[in-house]
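Note sheet for the following structure.
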Amino acid sequence: MPSGRVEWSDAEELSESSFEFSEEEMSFIQRAVKVPPNSASLDEARHRVFDFFRAACRSIPTIMEIYNLDDVVTPSHLRTVVASEIRKNANVTNPKVIDMLLFKAMEELNNITEHAKQRHHIIGQYVVGQQGLLQDSGTKDQGTSAFLKEFYKSNYF
């Protein structure tokens, strides 16, 4: 007698059949992922990082246009940010780790160029960065006591 509930055996059949892909679908998935082969040496990984840097710099004008960043940042500042992000990991010498970091960087660049992020994400991560807004420092705390200045400084997120 059929009921409105899903029995455990029905759920097993559903889960097994829902993850079967045709050969065409699998080839599309494999093309979309584009996982690069592992680097054989540190020198090869280094060349891949330089290739990624060139690709990222070539995509900066497109990113500026997509997110309308002309009024907020210059292309040279974005190039500097990309270079500094790469230099953060300059001490890594394991080619497998470099490949993993490079894969993450390519995914990030892909997400940005495919407009998977919003404008405020780009501004917050790459324009403002870790130093915070430049307008936050300065005149707004002039008339407050030393206690309140320290309190506000310690509680800004």
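Rounding to the nearest 0.5 Å gives a distance of 11.0 Å between CZ of Phe53 and CZ of Arg58. Expressed to the nearest 0.5 Å, how far OG of Ser39 lies from CD1 of Ile98 amounts to 7.5 Å. A distance of 12.0 Å separates NZ in Lys104 from CG in Leu102, rounded to the nearest 0.5 Å. Taken from CZ in Phe50 to CZ in Arg46, the straight-line distance is 4.0 Å, to the nearest 0.5 Å. One finds the CE atom of Met106 at 9.5 Å from the CG atom of Leu109 (value rounded to the nearest 0.5 Å). Atom OG of Ser59 and atom CE of Met64 lie 12.0 Å apart (nearest 0.5 Å).
Side-chain atoms of His121 come within 3.5 Å of backbone atoms of Gln118 as a donor-acceptor pair (strictly under, hydrogens ignored). Between the Asp99 side chain and the Asn38 main chain, no donor and acceptor come within less than 3.5 Å of each other. When atom types are taken as modelled, the side chain of Glu65 and the backbone of Pro61 share no donor-acceptor pair closer than 3.5 angstrom.
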Worksheet item: Going through the checks in order, is the side-chain contact (heavy atoms from CB on, under 4.5 Å) test met by Thr62 and Thr113?
Response: CA-CA 8 Å; Thr62 306; Thr113 55; 5.7 Å; no

Worksheet item: Should Val97 and Leu101 be marked as a side-chain contact (heavy atoms from CB on, under 4.5 Å) after you check the CA-CA gap, both sets of side-chain angles, and the distance that decides it?
Response: CA-CA 6 Å; Val97 175; Leu101 291 170; 4.2 Å; yes

Fill in: Criterion side-chain contact (heavy atoms from CB on, under 4.5 Å) on Val82 and Tyr126, from CA distance to verdict
CA-CA 8 Å; Val82 171; Tyr126 301 108; over 6 Å; no

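We find that Arg54 and Asp51 are joined by a salt bridge, their nearest charged nitrogen and carboxylate oxygen being less than 4.0 Å apart.
Side-chain contact check for Phe52 versus Ile86: some heavy-atom pair is nearer than 4.5 Å.
Between His115 and Tyr67, a ring centre-to-centre spacing shorter than 6.0 Å is recorded.
Heavy atoms only, all atoms of each residue included: Asn89 and Glu85 are closest at ND2-O, 3.9 Å. Heavy atoms only, all atoms of each residue included: Leu42 and Pro95 are closest at N-CG, 3.9 Å. Closest approach of Arg79 to Cys57, counting heavy atoms only: CG-SG, 3.6 Å. Across Ile122 and Lys117, no two heavy atoms sit closer than the pair CD1-CD, 4.0 Å. The two residues Val127 and Val72 come nearest to each other via the heavy atoms CG1-CG1, 3.6 Å.
Applying the 6.0 Å contact sphere to CZ of Arg119 captures more than 12 heavy atoms from other residues, nucleotides or ligands.
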